[in-house]
Number of protein chains: 4
Amino acid sequence: MRIHSGGLAISSPGPKDKRRRIHDAAVKVFAEKGFYNARVSDIAKEAGVADGTIYLYFKNKDDLLISLFEDRMEEIIANFKASLVGIDTPEAQLQRFITLHLKMVADQPRLAEVLTVELRQSSKFMHEYRAPGFREYLGLLEDIIAAGQGSGLFDPSLHPTLLKRVIFGALDEVSLHWVSARRKPYDLDRAAAEIWSICAHGLVRRAGSHAENT
Amino acid sequence: MRIHSGGLAISSPGPKDKRRRIHDAAVKVFAEKGFYNARVSDIAKEAGVADGTIYLYFKNKDDLLISLFEDRMEEIIANFKASLVGIDTPEAQLQRFITLHLKMVADQPRLAEVLTVELRQSSKFMHEYRAPGFREYLGLLEDIIAAGQGSGLFDPSLHPTLLKRVIFGALDEVSLHWVSARRKPYDLDRAAAEIWSICAHGLVRRAGSHAENT
Amino acid sequence: MRIHSGGLAISSPGPKDKRRRIHDAAVKVFAEKGFYNARVSDIAKEAGVADGTIYLYFKNKDDLLISLFEDRMEEIIANFKASLVGIDTPEAQLQRFITLHLKMVADQPRLAEVLTVELRQSSKFMHEYRAPGFREYLGLLEDIIAAGQGSGLFDPSLHPTLLKRVIFGALDEVSLHWVSARRKPYDLDRAAAEIWSICAHGLVRRAGSHAENT
Amino acid sequence: MRIHSGGLAISSPGPKDKRRRIHDAAVKVFAEKGFYNARVSDIAKEAGVADGTIYLYFKNKDDLLISLFEDRMEEIIANFKASLVGIDTPEAQLQRFITLHLKMVADQPRLAEVLTVELRQSSKFMHEYRAPGFREYLGLLEDIIAAGQGSGLFDPSLHPTLLKRVIFGALDEVSLHWVSARRKPYDLDRAAAEIWSICAHGLVRRAGSHAENT
DNA sequence: GATGAATGAGCGTTCATTCAT
DNA sequence: GATGAATGAACGCTCATTCAT
């Protein structure tokens with residue numbers, strides 16, 4: 001499965017995709033150095049354009065990051081929606097969501113790192129930016145949870161807002177750790193299975209209930 | 001429960017605790033503006049000292065942040081250890097850990113924000129810094145998990161490294177959201193109970209098993 | 001009286017007068033923003049041409065300003081000469097010169113502003129440019145003065161170089177003030193009459209000599 | 001007569017007068033290159049300070065120029081007032097004013113150039129800055145004129161606003177020319193005398209009236 | 001120890017100019 | 001001739017750090 005055509009595809013150096021190339025370069029440089037330590041000229045060099053060219057496509061350095069969020073999250077959300085469309089039960093949907101999230105991380109680790117780490121900062125350095133893309137992403141999770149609670153499958157006493165944060169936080173922390181770790185202590189397929197298992201049944205073993213992970 | 005006397009205590013302007021006052025000021029300023037947007041002179045002003053004084057106690061701005069991690073995490077870990085000492089079962093310990101984590105967040109939201117957000121950056125702006133305090137914190141979790149799995153209470157098929165990240169990630173994301181949200185959608189006591197419930201039993205309702213949260 | 005068809009005439013978008021259109025656009029933009037704050041692309045947009053087109057007609061931004069001086073001053077001087085041609089006495093010529101100068105300002109305030117303000121800068125930003133057009137303009141004044149002194153009408157003890165500067169300076173300052181003032185404190189016809197009166201008789205009232213202004 | 005202690009005085013390199021030294025350096029550099037072509041680092045080097053030091057004393061480059069106007073005009077106006085204080089007749093006052101203006105130009109040619117040339121631009125690059133110091137300077141002239149007209153000495157039919165502009169413009173243009181000319185075609189003492197003569201009696205010779213310049 | 005004025009390296013951004021189409 | 005996307009040198013300004021007092 002390809003999550004999206006992605007920052008890794010070396011697009012033909014045609015005249016149209018400058019914006020994309022700059023975004024891709026920014027992902028690489030931001031992932032390596034972080035937003036604040038990345039120089040605009042680093043990104044320009046990585047993208048193979050002049051410094052000034054960046055300002056033909058983006059208002060400023062902040063806008064470069066924000067537009068990156070928006071564009072990539074839009075792609076990711078569209079992909080998730082498409083991948084979830086034929087799945088009936090909330091359980092299967094949640095399992096799928098977990099898998100997709102980690103798949104995305106595995107396919108585009110640098111993008112994942114940027115979205116994850118810099119998004120945290122975003123509430124700081126952009127006073128107003130509410131990260132609508134991120135909210136929509138969480139919205140996907142919330143819909144699944146709501147459906148599950150509505151159908152009686154998921155414990156209805158759990159607060160949905162809290163629940164989506166719990167699941168997202170687990171996925172995010174695992175992703176970030178996996179991305180930054182040199183030696184990968186586990187592969188992400190297994191991680192997906194285990195996280196699903198934890199979500200589904202928790203970690204306390206009950207009499208007669210063996211773990212039923214996929 | 002007070003985790004420690006905290007950044008809010010206006011210490012007597014005695015001659016001894018300059019280092020502490022600077023740390024406290026840094027927590028406040030970093031939480032408000034983020035590490036990169038915080039100016040050293042902001043911190044100096046907040047601490048009521050001259051800019052240069054900061055360099056009598058800390059090597060540079062990075063060191064100020066790192067030492068903050070180390071000092072505070074040390075306190076936190078000591079507190080956690082003390083609070084966990086009399087508790088026998090891994091289940092109760094984990095439940096306690098969750099409660100303590102969120103308690104700390106509620107009591108010292110700015111410190112929580114700094115430790116949470118800036119720690120993420122730390123892997124960036126300090127290439128070498130391995131955040132030993134953070135590792136030890138996670139080590140507490142891992143010990144609980146190991147004990148639980150060793151005694152057969154927790155599902156032994158779950159990878160401990162993954163598991164501790166899952167739990168920490170859930171706590172961290174919930175904390176960060178709670179800290180930055182203006183309208184608090186849930187209180188942290190309830191959050192602790194629900195997170196424990198999810199950890200323990202997952203979110204899928206099983207026949208005959210009503211949620212047993214506190 | 002129209003000094004020339006001027007920057008205000010919307011010339012037909014024919015293929016010939018690009019140079020003129022760019023000059024006119026430059027007058028407008030320079031008058032609004034000043035030379036240094038005017039962007040070449042502003043002028044291009046105002047002229048309805050592409051940025052690069054400007055460089056087909058002018059060597060660079062400085063050349064655009066300099067050529068503007070030269071072209072417009074040439075027109076102005078030709079107009080002045082034509083208007084002065086039938087006038088016999090130096091007194092009447094000087095009176096006419098004053099009137100013509102202020103007429104030009106009234107008809108083409110933006111051009112006046114550019115010629116006036118930017119000319120002052122020109123001795124700065126162009127180390128070499130001696131503004132030959134401007135010198136010729138002053139030469140008209142000098143000729144009138146010389147004729148007046150030669151015929152004994154004007155006080156011969158006054159230094160001609162100084163005198164022309166005095167007269168030009170008075171005209172220039174009044175023009176600039178009038179151009180930039182929102183509420184016009186006097187109209188330029190009256191100004192011409194009074195300036196002539198001052199030039200002719202000074203401002204000290206003498207016994208038995210009532211002002212003989214128009 | 002010293003107009004003021006002045007930019008030319010090499011003040012002891014004490015710790016107090018940094019602001020003054022930067023102002024003086026700015027006068028020199030602005031006079032040589034013009035405001036827009038002057039680099040802040042040029043001024044810093046000329047003042048013998050680091051670039052950043054300038055920003056301890058001035059908000060930005062514009063503020064450096066504006067504060068220069070204000071400080072220097074204040075000094076100049078105070079000097080003028082002091083020098084005019086004992087003079088009774090408006091005629092003598094006006095004569096004195098003319099002399100003082102040209103004296104100032106002779107003593108501080110670079111300052112005169114900056115005040116003159118950049119002031120013209122100021123109405124452009126500073127949209128709001130109304131140059132209060134300059135208005136007060138013109139106010140001195142206006143007071144003299146009003147007194148002269150009130151006492152019947154000066155022609156009351158002349159518009160005072162216009163008149164002050166005429167006189168100031170004459171002085172200004174003569175000053176600017178004198179400052180920028182390499183070979184000085186006249187000395188400023190003589191210029192003062194002649195300008196006074198023109199103001200007083202005009203340039204038309206009348207029967208029986210020999211020029212009565214000082 | 002404490003101060004805070006001074007430093008100057010570093011970077012985001014602009015915009016006159018070019019040149020492939 | 002005309003275009004306008006691309007260029008990259010240039011510069012104003014910031015702020016972590018120093019050091020004379």
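Throughout, protein chains are lettered first and strands after them, A, B, ... in sequence-line order, and every chain is numbered starting at 1. Side-chain atoms are counted along with the backbone in the values below, which use heavy atoms only and exclude waters and symmetry mates.
- Taking for each of A:Ile54 and B:Gly52 the nucleotide of DNA chain F with the nearest heavy atom, the 5'-most of the two is the partner of A:Ile54.
- D:Lys28 contributes no side-chain N or O that, together with a main-chain N or O of D:Ala47, makes up a donor-acceptor pair within less than 3.5 Å.
- Contacts of D:Ala44 with the nucleic acid, taken as non-hydrogen atoms under 4.0 Å apart, are absent.
- Between A:Glu118 and A:Leu68 the shortest side-chain heavy-atom distance does not fall below 4.5 Å.
- For C:Asp51 and F:dA6, the CG to C1' distance is 12 Å, given to the nearest whole Å.
- Across the protein-nucleic acid pair, C:Asn37 atom CG and E:dT14 atom C1' stand 12 Å apart, rounded to whole Å.
- Atom-to-atom, NZ of D:Lys45 to C1' of E:dA9 comes out at 15 Å; the value is rounded to the nearest Å.
- Summary of the strand contacts: D:Ala50 and B:Ala50 both lie near DNA chain E, and taking for each the nucleotide with the nearest heavy atom, the more 5' one is attributed to B:Ala50.
- If you take CZ of B:Phe58 and P of E:dG1, they are 12 Å apart, rounded to a whole angstrom.
- Looking at the side chain of D:Val49, the nearest of the listed nucleotides E:dT7, F:dA5, F:dG12 is E:dT7.
- Each of B:Lys59 and A:Thr53 lies near DNA chain F, and the nucleotide nearest A:Thr53 is the one positioned closer to the 5' end.
- Rounding to whole angstrom units, CD1 of residue A:Ile22 and C1' of F:dA6 are separated by 11 Å.
- Between A:Ile66 and A:Phe58 there is no side-chain heavy-atom pair separated by less than 4.5 Å.
- For D:Tyr57 and E:dA6, the shortest distance from a side-chain N or O to OP1 or OP2 is below 4.0 Å.
- Note: OH (A:Tyr55) to P (F:dG8) measures 16 Å, nearest angstrom.
- Side chain of C:Leu56, nearest nucleotide from E:dA2, F:dA16, F:dT3: F:dT3.
- For F:dA6, one of the phosphate oxygens OP1 or OP2 lies less than 4.0 angstrom from a side-chain nitrogen or oxygen of A:Lys18.
- The partner of E:dA20 is F:dT3, judged by Watson-Crick or G-U wobble contacts that both fall below 3.5 Å.
- Note: CZ (B:Phe35) to C1' (F:dC15) measures 12 Å, nearest angstrom.
- Listed nucleotides E:dT3, E:dT17, F:dA2 differ in distance to C:Asn60; the shortest reach to its side chain belongs to E:dT17.
- Annotation: side chain of B:Leu64 is not in contact with side chain of B:Tyr57 (no heavy-atom distance under 4.5 Å).
- No donor-acceptor pair under 3.5 Å is formed between the side chain of A:Lys33 and the backbone N or O of A:Arg39.
- In this entry the distance linking OH of D:Tyr36 with C1' of F:dA10 reads 17 Å, nearest Å.
- For F:dG12, the paired nucleotide is E:dC11, the pair qualifying as Watson-Crick or G-U wobble because both relevant distances are below 3.5 Å.
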